Asker: 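A single structure is presented below for examination.
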Amino acid sequence: MKRLDKKIYLASKSPRRRELLRQIGVEFELLMLRNDGPRGPDVTEVVAPGESPLEYVARVANEKAAFAWNMVLLRRMAQRPVLSADTSVVVDGDILGKPAGPAEAMAMLQRLSGRTHQVLTAVAVHYKDIAEQDVQVSEVRFATLSPAAIAAYCATAEPYDKSGGYGIQGLAALFVEHIEGSHSGIMGLPLFETAQLLRRVGYALP
């Protein structure tokens with residue numbers, strides 16, 4: 001396959017994913033999908049009845065990439081690979097989304113305290129007639145957190161734009177006793193798997 005030396009499109013609002021792509025030298029242009037508005041979100045991030053967390057993150061990442069690729073075609077933009085991702089924090093089989101406020105954030109952290117949970121990140125790449133996808137699963141064990149530590153963390157801005165109400169790259173690193181899997185995957189973009197997918201569509205990486 002011909003190797004691509006162009007930028008890719010990143011269909012994500014996450015600043016962590018931007019940082020991680022820059023870390024491995026991937027140039028990108030943002031392709032923003034709507035989360036709300038009169039017509040509703042471009043991709044509905046609602047768990048379907050009977051859908052497992054693994055199925056959910058895979059579906060959402062794939063639908064985001066497919067929608068973004070269709071945008072590229074409809075707008076007659078330069079054709080480049082489109083990358084999207086979706087991350088979920090899972091405990092007891094339940095998906096913990098982004099907390100709406102301090103009470104919800106504190107409840108999530110109390111649930112994660114002293115336990116092991118899973119972080120699932122699905123990555124999807126669409127380019128022309130190629131659609132590639134992978135899901136990375138990591139195990140994260142939290143120390144037992146005091147009510148004071150939870151309250152102090154939830155008084156910061158960190159929990160409120162992150163699945164599960166925490167970001168491992170920030171102050172919540174103090175909560176983590178052990179991880180098994182991908183540190184970058186827990187942040188929102190597993191770099192090994194992402195590089196593999198980009199290579200499959202011909203994007204030049206070392």
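Note that the coordinates shown come from a computational prediction; the quantities given were computed from them, not determined experimentally. Starting from 1, each residue takes its place in the sequence as its number.
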Asker: Considering only residues two or more places apart or on different chains, which pairs with a residue in residues 141-152 satisfy side chain to side chain donor-acceptor pair (under 3.5 Å)?
Answerer: Arg141-Glu177

Asker: Nearest heavy-atom pair of Pro81 and Lys7: which atoms, and what distance?
Answerer: CD-O, 4.3 Å

Asker: For residues Asp86 and Asn62, determine if any side-chain heavy atom of one lies less than 4.5 Å from a side-chain heavy atom of the other.
Answerer: no

Asker: Step by step, would you call Ser184 with Ser182 a side chain to side chain donor-acceptor pair (under 3.5 Å)?
Answerer: CA-CA 5 Å; Ser184 60; Ser182 166; 3.2 Å; yes

Asker: Checking side-chain contact (heavy atoms from CB on, under 4.5 Å) for the pair Thr87/Leu120: CA distance, chi angles, key distance, verdict?
Answerer: CA-CA 6 Å; Thr87 300; Leu120 283 58; over 6 Å; no

Asker: Are Glu19 and Leu189 close enough, and set up right, to give a side-chain contact (heavy atoms from CB on, under 4.5 Å), and what steps lead you there?
Answerer: CA-CA 10 Å; Glu19 293 166 10; Leu189 192 69; over 6 Å; no

Asker: Scan residues 149-169 for pairs that pass salt bridge (charged side-chain N to carboxylate O under 4.0 Å, His left out), counting only residues two or more places apart or in two chains.
Answerer: Arg16-Asp161

Asker: Does anything in residues 122-133 form a salt bridge (charged side-chain N to carboxylate O under 4.0 Å, His left out)? List the pairs, not counting sequence neighbours.
Answerer: Glu132-Arg200

Asker: Which heavy atom of Gly165 sits nearest a heavy atom of Pro159, and at what distance?
Answerer: O-CB, 3.1 Å

Asker: Quick check: is Tyr127 connected to Leu205 through a chain of hydrophobic side chains (ILVMFWY, heavy atoms under 4.5 Å apart)?
Answerer: yes

Asker: Starting at CG of Leu198, measure out to CD of Glu193 and round the result to the nearest 0.5 Å.
Answerer: 12.0 Å

Asker: Could you state the interatomic distance from CZ (Arg75) to CG (Asn70), rounded to the nearest 0.5 Å?
Answerer: 10.0 Å

Asker: Examine Met77 and Leu74 and state if one hydrophobic cluster contains both, with Ile, Leu, Val, Met, Phe, Trp and Tyr joined whenever side-chain heavy atoms are less than 4.5 Å apart.
Answerer: no

Asker: Would you say the side chain of Val123 lies within less than 4.5 Å of the side chain of Gln136, judging by non-hydrogen atoms?
Answerer: no

Asker: Set out, in order, the CA-CA distance, both residues' side-chain angles and the distance that settles side-chain contact (heavy atoms from CB on, under 4.5 Å) for Val176 and Val140, then state yes or no.
Answerer: CA-CA 7 Å; Val176 179; Val140 181; 4.0 Å; yes

Asker: Taking only residues two or more places apart in sequence or in another chain, which ones pass side-chain hydrogen bond (donor to acceptor under 3.5 Å, both in side chains) with Arg22?
Answerer: none

Asker: Among the clusters formed by ILVMFWY side chains lying less than 4.5 Å apart, do Val46 and Val43 turn up in the same one?
Answerer: no

Asker: Report the residues that fulfil side-chain hydrogen bond (donor to acceptor under 3.5 Å, both in side chains) with Ser163, sequence neighbours left out, ordered by chain and then residue number.
Answerer: none

Asker: Between OH of Tyr9 and CE of Met32, what distance do you get to the nearest 0.5 Å?
Answerer: 14.5 Å

Asker: My understanding is that only residues two or more places apart in sequence, or in another chain, count here; which of them pass salt bridge (Lys or Arg N to Asp or Glu O under 4.0 Å) with Glu29?
Answerer: Arg80

Asker: Partners of Asp134 by side-chain hydrogen bond (donor to acceptor under 3.5 Å, both in side chains), sequence neighbours excluded?
Answerer: none

Asker: Looking at every heavy atom in both Glu55 and Ser52, which two are closest together, and how far apart are they?
Answerer: OE1-N, 2.9 Å

Asker: Could you list the residues that satisfy salt bridge (Lys or Arg N to Asp or Glu O under 4.0 Å) with Glu51, not counting sequence neighbours?
Answerer: Arg59

Asker: Decide yes or no for Met71 and Leu33: does some side-chain heavy atom of the first lie under 4.5 Å from some side-chain heavy atom of the second?
Answerer: yes

Asker: For Leu54 and Val137: C-alpha separation, side-chain torsions, deciding distance, then whether side-chain contact (heavy atoms from CB on, under 4.5 Å) applies.
Answerer: CA-CA 9 Å; Leu54 196 67; Val137 181; 4.1 Å; yes

Asker: Quick one: does Arg17's side chain get under 4.5 Å of Leu21's, heavy atoms only?
Answerer: no

Asker: Can you give me every donor-acceptor pair (side chain of residues 102-115, partner residue at least two apart or in another chain, under 3.5 Å) with its distance?
Answerer:
| residue | atom | partner | partner atom | Å |
| --- | --- | --- | --- | --- |
| Glu104 | OE1 | Ala100 | N | 3.0 |
| Arg111 | NH2 | Asp94 | OD2 | 2.6 |
| Ser113 | OG | Leu145 | N | 2.7 |
| Arg115 | NH1 | Asp92 | OD2 | 3.0 |
| Arg115 | NH2 | Asp92 | OD1 | 2.6 |
| Arg115 | NH2 | Asp92 | OD2 | 3.4 |

Asker: Give every residue pair that meets the ring-ring contact (aromatic ring centres under 6.0 Å, His included) criterion with at least one member in residues 138-168, sequence neighbours excluded.
Answerer: His117-Phe142, His117-Tyr166, Phe142-Tyr166, Phe142-Phe175, Tyr153-Phe175

Asker: What I'd like to find out is whether the side chain of Leu10 reaches to under 4.5 Å of the side chain of Leu31, using heavy atoms alone.
Answerer: no

Asker: Just wondering, do Phe192 and Gln196 contact through their side chains at under 4.5 Å, heavy atoms?
Answerer: yes

Asker: Mind checking side-chain contact (heavy atoms from CB on, under 4.5 Å) for Gln23 and listing every partner two or more places apart, or none if nothing turns up?
Answerer: Leu20, Leu191

Asker: Of all the heavy-atom pairs spanning Ala58 and Gln133, show the shortest one and how long it is.
Answerer: O-NE2, 2.7 Å

Asker: Is there a side-chain contact between Pro53 and Ser88 (heavy atoms, below 4.5 Å)?
Answerer: no

Asker: With a 4.5 Å cut-off on side-chain heavy atoms, are Leu171 and Thr156 touching?
Answerer: yes

Asker: Rounded to the nearest 0.5 Å, how far does CE of Met187 lie from OG of Ser14?
Answerer: 8.0 Å

Asker: Might you point out which heavy atoms bring Val82 and Ala11 nearest each other, and give the distance in Å?
Answerer: CG1-CB, 4.3 Å

Asker: What heavy-atom pair brings Ala85 and Gly188 nearest, and what distance separates the two atoms?
Answerer: CB-O, 4.0 Å

Asker: Sequence neighbours excluded, which residues qualify as side-chain hydrogen bond (donor to acceptor under 3.5 Å, both in side chains) partners of Thr194?
Answerer: none

